[in-house]
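Worksheet: the structure to be examined is printed underneath.
All figures in this text were calculated on a predicted structure; none of them were measured in a lab. A note on names: the letters A, B, ... follow the listed sequences, proteins ahead of strands, and every chain is numbered from 1.
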2 protein chains.
Amino acid sequence: MFAASKKGKEALPGDLAPIGRHSSLGESAYAALKDSLIRGALQPGTKLTLRSVAQVLEVSTTPARDAITRLIGEGGLINAGPKTVIVPYLSLPDLDEITAIRLSLEGLAAEQSTNHVTEADIHELEELQQRINRGLDEGRYTDVLDANKDFHFLIYRRSGMRRLVTIIESLWLRMGPAFNGLYPEFAQSRTGVSNHLWALRGLQDRDPAAVRAAIENDIRSGYRRLSSQLGAAGDQQGEPVT
Amino acid sequence: MFAASKKGKEALPGDLAPIGRHSSLGESAYAALKDSLIRGALQPGTKLTLRSVAQVLEVSTTPARDAITRLIGEGGLINAGPKTVIVPYLSLPDLDEITAIRLSLEGLAAEQSTNHVTEADIHELEELQQRINRGLDEGRYTDVLDANKDFHFLIYRRSGMRRLVTIIESLWLRMGPAFNGLYPEFAQSRTGVSNHLWALRGLQDRDPAAVRAAIENDIRSGYRRLSSQLGAAGDQQGEPVT
DNA sequence: TTTTGATATTTGATGCAACAAAAAAGTTTA
DNA sequence: TAAACTTTTTTGTTGCATCAAATATCAAAA
C-alpha cells in the first residue's frame, strides 16, 4: 500500500533550527475562524457559506473549505442541512455533557500542572487574575473573558500533556458561541474570583487535589450561570423553537 | 460579518428521517483512512502523499486532501516535515498521556452507561465476549481486537454522550498504529477477559463504580502489555534513531 | 569511495471552473 | 390570499492545472 520511511537523518552539529512553523492559508483560515468561535464573536445560528468565509478571510474557497471542514470535524461548526453550515446552538443537554467532560479533563490537567508549574508561572497567573479583577471593576468584560481563558490554559499547558490541552480547547470552542451577547451578564459574577485564588494557593502548595477542586468549582459555577442564561435568553439566541 | 439564520424550520409530523447521512468522497476517504489507522493496518512511519492516497482510494486529490487534513487535525497523522505526512509513532510519553486521558474519559463513559444500558445490550456484550474467547482459542487475533473494540464502544455509546464517544474514538485512533504487527503477541493475553466479565457484572448490577473500575483495569492492563511491547519492538517499528 | 553540486522529479498549496443539487425569487393559477 | 409551479441564483463538491518548494537522482570533482 504505502511505503514506510526508513531513513534516519543526521543531526546538525549546531542543532539550531527548532523547525519552522506551519504557514498556509488553510491553517491561517482555520485558526482565524476557530478564534472567532472561541471568543464568542459568532452568534449561534450564523450561517457560513464557503464563499462568504473565503471573502471575509480574503482567501480563495480552498483554504476556506479546509477551515470549515476541520471545524465541523471538531464540532465547532455543524451541518444543519444539505448545504448549510451554522454555528451550533448550545442546548442544555450539550452543556451538561461538555461540563461533565470538562470536569474530568480540566481536573486532570489541573492536577498534573502542580508537578511542573514554576514560580514565574504563578506570578503570571497572579497578573492575569489582576487583569480579571480590573476588568470586572471597569466593566471591560471582553478582557475578563480573555484573561480568564489565559488563566485556565496557562495552568492546563503546564500539565505537559499537549493532546489533553487540544481536547480541552475543542470543548471551549464548543462553548464559545453561547457567550455571544452575554458578556456583561456572564462576567459580572465574582464567584469565579475566589476559585481562582484557591487554585493559586493550591499551586503554591503543590497540592494537586486542591487545584483540581478549585478548577472543578470554577467549572461548576460557570455551568450554573451559563445554564440559567441559556434558558433566559431563549428567544434571542436559544435553539429555534421546533 | 455573517448573516444569522432566523428561520425555525417546521418539525416534520412523522419526525422520521434521522437526517440522511453525509455522502461525499471526502467523507468516505476520511472514514476509510481513519478505519485503516484504528485497526492498525498502517505501520507507524508510513509516509502518505496526497497522490498516493488519492490513487489507493480511487479519488482525486481533493477528497484525499480533505481526509489527510482532517486526520492531521485529530492527531491520527502527523506532519513530519515540510512535505511529509506520516503515520505517527507512539512513544512511551505519548502512551502515558493517552492512557491518562483514556482512564478519565472511558471511566466516565463507563459510569454513565449504567444509566442507559438495556438487557439487550448486555446480551450483545456477552456475545461479543464469546467472540473474543473464540478468537483467542482459535488464534484469530484480528477478530479479537475487533470484538474488543466493539465491546468497549457499545458500552461507551450507552453513555448517551456523543461528543465523549467521538473524543474516545480519536484516542483509539492514535493507538491503532502501535498494534501493527503486534496482533499475536498483544491479543494472546487473557487478562482482559476477566475485566470484561467484571464490567458485565457491574452493568447487570447497575453499579457505576464497579463498571468504571473494570474498564479502568482493562485499560491499565492493556497499557502494561503495550508499553512493554513498545520497548521490545524498538528496532522493527519504534521511533527512528536520530 | 565520498562529497558536492546541478538537474529532474515529486510534492503540497492554491485557485478556479464545471456541475448538480438546493434554495430563493418570481410567476401563475385556483 | 395562498398554493403550485417555473426560473434564477447560490451552494458545496470535485477534478485539475499551475507553481514554488522540497526531494531524489546522478554525474563530476575531490
* To do: Could you identify which residues of residues 65-78 of chain A place a heavy atom less than 4.0 Å from some atom of DNA chain D, listed by residue number, or say none?
  =>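 Those residues whose heavy atoms fall under 4.0 Å from DNA chain D, taken from residues 65-78 of chain A in numerical order, are Arg65(A).
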
For [X] and [N], what is the distance between atoms [atom1] and [atom2] respectively, to the nearest whole Å?
X        : N       : atom1 : atom2 : value
Leu50(A) : dT14(C) : CG    : C1'   : 14 Å
Leu57(B) : dG15(D) : CG    : C1'   : 16 Å
Leu25(B) : dG12(D) : CG    : P     : 17 Å
Tyr30(B) : dT13(D) : OH    : C1'   : 19 Å
Ile86(B) : dG12(C) : CD1   : P     : 13 Å

Please identify each residue that fulfils salt bridge (Lys or Arg N to Asp or Glu O under 4.0 Å) with [X], with sequence neighbours left out.
X         : value
Glu111(B) : Arg212(B)
Arg220(A) : Glu216(A)
Asp66(A)  : Arg65(B)
Asp121(A) : Arg158(A)

Distances for protein N/O vs nucleotides 17-21 of chain D N/O pairs under 3.5 angstrom?
{"unit_1": "dA21(D)", "atom_1": "N3", "unit_2": "Lys83(B)", "atom_2": "NZ", "d": "3.2"}

What residues, two or more places apart in sequence or in another chain, satisfy side-chain contact (heavy atoms from CB on, under 4.5 Å) together with [X]?
X        : value
Lys83(B) : none
Asp94(B) : Leu90(B), Ser91(B), Arg174(B)
Arg51(B) : Thr61(B)

* DNA chain D: 5'-proximal contact among Val85(A) and Thr62(A) (nearest heavy atom) -> Val85(A)

* Using the ring of Phe151(B) (Phe, Tyr or Trp, six-membered ring only), decide whether Lys149(B) places NZ or CZ under 6.0 Å from its centre and within 45 degrees of its axis. => no

* Hey, does Gly26(B) reach any base, or is it just sugar-phosphate, or nothing, if we go heavy atoms under 4.0 Å? -> sugar-phosphate

